[in-house]
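Please read the structure below before turning to the comments.
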Amino acid sequence: MAYVKVTDGGVIRFFDLNNPKSKAVYNELVKNNTGYNTVVEKDGSPKEFTEEQVKETFEKAIEASGKKKKKTITEASRAVADEE
Amino acid sequence: MADYTVYEGVVAYAKQLLIGFAQNSKVAIFNDPQKQILDIKGKETKIREIETAGAGDYTGAWGDGVGTAESNYRSYYAPYDRTFSASVDSVKEAQSFVEGAKPTLNGVMEAFIKTKLAPEVDTAILARFASQVAAGNIHVNSASGYGITKDTILETIANIEKDVANAGYDGDVATFISATANAALEQALLAKNILANEVVIKRAMTRDEIAEGFGPLEIEIRARKINNLLIIPVPDDRMVGKVYMLNGIDPGQQNGGVLPAKNLSTYFDINIIAIPLDAAFANIRHIVSNLFTPANLDAVDTAENINLVNEKLFGVLTLENCGINQLADGYKANLRCLYGGDIFQIYRDACVLVKGATQVQAVAPVRGEFVGAASALSGADGATSDLKFAFEELNCSGTVYFTSSVTAKATVDASETLTVPTEGTDMRPYCSPTVTFDAAGDSVITAWADNSHTIKLAEVTVTSTG
């Protein structure tokens with residue numbers, strides 16, 4: 001899976017270039033160029049992310065928003081310790 | 001059952017879509033269809049943007065040495081093109097007509113707009129606006145004069161007015177304020193017995209009447225006004241500086257919608273963002289397509305009449321391909337929303353942003369504990385003793401860092417590498433920092449997950465007997 005990250009300063013989007021539907025949206029976004037920037041490597045080629053990296057990014061965002069997933073016993077014991 | 005045609009139902013849905021969005025989206029105040037040229041057959045919108053230089057000296061010939069101004073209708077393609085499909089079976093929809101209630105499909109689309117789409121549009125466009133405010137007009141809420149507590153917020157409001165005025169703008173300013181900051185503002189106003197007047201701004205969403213029997217549609221936007229600032233409270237979760245937009249297609253993004261990017265070190269809360277009404281545009285267009293109704297209803301000149309309706313809607317709402325549902329089992333519609341917005345270049349220094357500080361995201365703390373004999377916790381001057389620190393996560397490696405709160409009483413090894421046990425009852429990775437006792441007294445030994453000592457794992461008090 002090859003995801004690219006596109007930002008416009010405030011809004012961040014990930015597109016799977018191996019998925020034709022997702023790639024079509026990405027191509028149109030870049031073509032119309034309304035201030036969107038693809039995150040690139042030093043050589044200018046689009047930086048690619050794996051599916052796991054993208055999922056982990058969203059999971060961290062959910063956790064940071066306070067909307068956490070179901071905890072393991074160990075995580076729950078840490079949470080209790082935090083509240084104490 | 002009432003004898004509704006496809007055409008009549010479509011127009012009813014159209015009105016609800018326009019009303020629902022304007023009522024629930026805060027940034028819709030910038031969506032003035034009369035100021036945009038929308039092509040109902042395409043995605044391109046023409047936005048008039050004016051650029052101007054300053055005046056120059058008159059040298060006797062027009063066009064020579066004089067500053068220039070340009071008014072361009074630039075092409076704008078809304079960057080966010082989002083979709084939603086709704087369906088309701090015909091029995092449920094018929095029942096709503098029988099009961100004289102709002103059509104169910106109408107209710108489904110309204111609920112989507114109110115709970116999903118309008119919040120998404122606000123979140124994305126406000127994040128976009130926040131990135132376009134001139135750097136000199138961005139203030140962290142800890143800065144003097146830009147606080148958001150009940151004791152400081154009135155000063156902030158006054159400073160925002162001043163900043164906008166100094167940029168040369170004296171018209172009305174849409175001032176989006178987070179619910180939290182607004183609560184502080186309400187308290188401050190009440191404490192000083194200040195009344196802020198409510199004003200009504202009207203937007204004509206249709207050109208004359210939509211269709212025979214359906215009058216012109218005008219939306220009223222209400223805001224509380226303090227001098228020239230239109231105070232518009234916005235839920236906190238729409239006032240975010242960085243947001244992920246989920247595409248609903250790829251794994252992990254199937255839920256669609258938006259997600260505040262609070263995991264990023266560059267993330268910030270938007271507390272207040274003030275944008276003059278002339279300074280920005282929001283381009284929000286709905287396309288409702290494949291609106292199918294059950295075959296037991298009549299369709300009367302649907303295509304021709306709907307084209308007329310579309311022409312009167314400025315292109316803000318476009319209805320396409322409406323007709324009879326050949327399956328005859330339900331109402332279905334695809335709702336598509338193209339939206340975006342920008343602050344015009346010449347007005348970016350007339351906008352003001354008050355934001356929260358960017359945050360340093362600590363790794364979620366993983367705990368551990370000091371274990372072992374009590375004798376390790378005390379000793380005479382010059383004696384050494386090994387503490388045992390056990391890390392809670394199994395089968396992991398790494399370095400643990402240690403500090404002593406009072407090095408005059410006791411010192412400790414700066415770091416130790418974890419050892420993973422291969423047998424025994426306690427399989428937690430552990431390390432054994434050495435404590436050296438000194439002058440009499442207590443000291444707290446702390447274990448840290450990082451060398452900069454920001455992620456605390458555990459602590460224990462050791463006592464030097466001197």
Side-chain angles (χ1 to χ4, degrees), chain A residues 1-26 28-37 49-69 71-82 84, chain B residues 43-44 74-83 120 123-133 237 240-253 255 258-264 266-268 270 283 340-342 359 361-369 392-394 457-458:
Chain A
M1 300 271 181
Y3 285 76
V4 293
K5 181 179 177 183
V6 179
T7 70
D8 74 343
V11 181
I12 304 163
R13 304 166 80 170
F14 288 93
F15 297 95
D16 177 10
L17 298 188
N18 290 329
N19 181 334
K21 291 182 182 178
S22 194
K23 186 176 182 180
V25 176
Y26 169 74
E28 182 164 2
L29 191 68
V30 170
K31 179 187 76 177
N32 287 332
N33 191 25
T34 52
Y36 266 86
N37 301 300
F49 300 82
T50 64
E51 180 179 322
E52 288 70 32
Q53 286 174 315
V54 173
K55 281 185 178 176
E56 188 180 347
T57 297
F58 293 138
E59 285 168 8
K60 285 181 179 174
I62 292 171
E63 269 197 47
S65 293
K67 299 172 187 173
K68 296 186 178 180
K69 304 176 298 181
K71 297 187 180 72
T72 63
I73 292 175
T74 306
E75 286 171 329
S77 63
R78 285 186 209 129
V80 168
D82 286 343
E84 289 170 353
Chain B
K43 291 183 70 171
E44 183 184 36
R74 68 171 168 106
S75 295
Y76 182 79
Y77 291 87
Y80 314 115
D81 189 346
R82 310 283 276 170
T83 188
E120 172 184 311
T123 307
I125 290 184
L126 286 172
R128 196 173 167 92
F129 283 168
S131 71
Q132 295 172 341
V133 174
D237 60 4
V240 296
K242 302 281 183 185
V243 61
Y244 294 116
M245 181 171 285
L246 309 185
N247 64 18
I249 303 171
D250 295 319
Q253 302 189 56
N255 286 340
V258 291
L259 178 63
K262 295 188 176 183
N263 56 313
L264 296 178
T266 53
Y267 171 84
F268 57 88
I270 300 173
N283 175 233
D342 278 330
Q359 44 199 1
Q361 290 291 349
V363 173
V366 178
R367 299 302 173 93
E369 62 172 342
E392 200 167 326
E393 288 276 302
L394 299 178
L457 299 175

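Chain letters run A, B, ... following the sequence lines, proteins first and then strands; every chain starts at 1. Since we're looking at a predicted model, the values are computed, not measured.
- Taking CD1 of I249(B) as the reference point, atom CZ of F15(A) lies at 8.0 Å (rounded to 0.5 Å).
- Heavy-atom distances place both the backbone and the side chain of A124(B) under 4.5 Å from chain A.
- Applying the salt bridge (Lys or Arg N to Asp or Glu O under 4.0 Å) criterion to K55(A), with sequence neighbours excluded, gives E51(A).
- Taking CG of D250(B) as the start and CZ of F14(A) as the end, the distance is 11.0 Å to the nearest 0.5 Å.
- Here the CD1-OH distance, from I12(A) to Y267(B), works out to 11.5 Å after rounding to the nearest 0.5 Å.
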For D8(A) and R128(B), run side-chain contact (heavy atoms from CB on, under 4.5 Å): C-alpha distance rounded to whole Å, both residues' side-chain angles, the deciding distance at 0.1 Å, then the answer. CA-CA 7 Å; D8(A) 74 343; R128(B) 196 173 167 92; 2.4 Å; yes
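- When all heavy atoms of A61(A) and P260(B) are compared, the pair lying nearest together is CB-O, 3.7 Å.
- Contact annotation for L126(B): neither backbone nor side-chain heavy atoms come within less than 4.5 Å of a heavy atom of chain A.
- Scanning for side-chain contact (heavy atoms from CB on, under 4.5 Å) contacts around E52(A) gives T50(A), with sequence neighbours left out.
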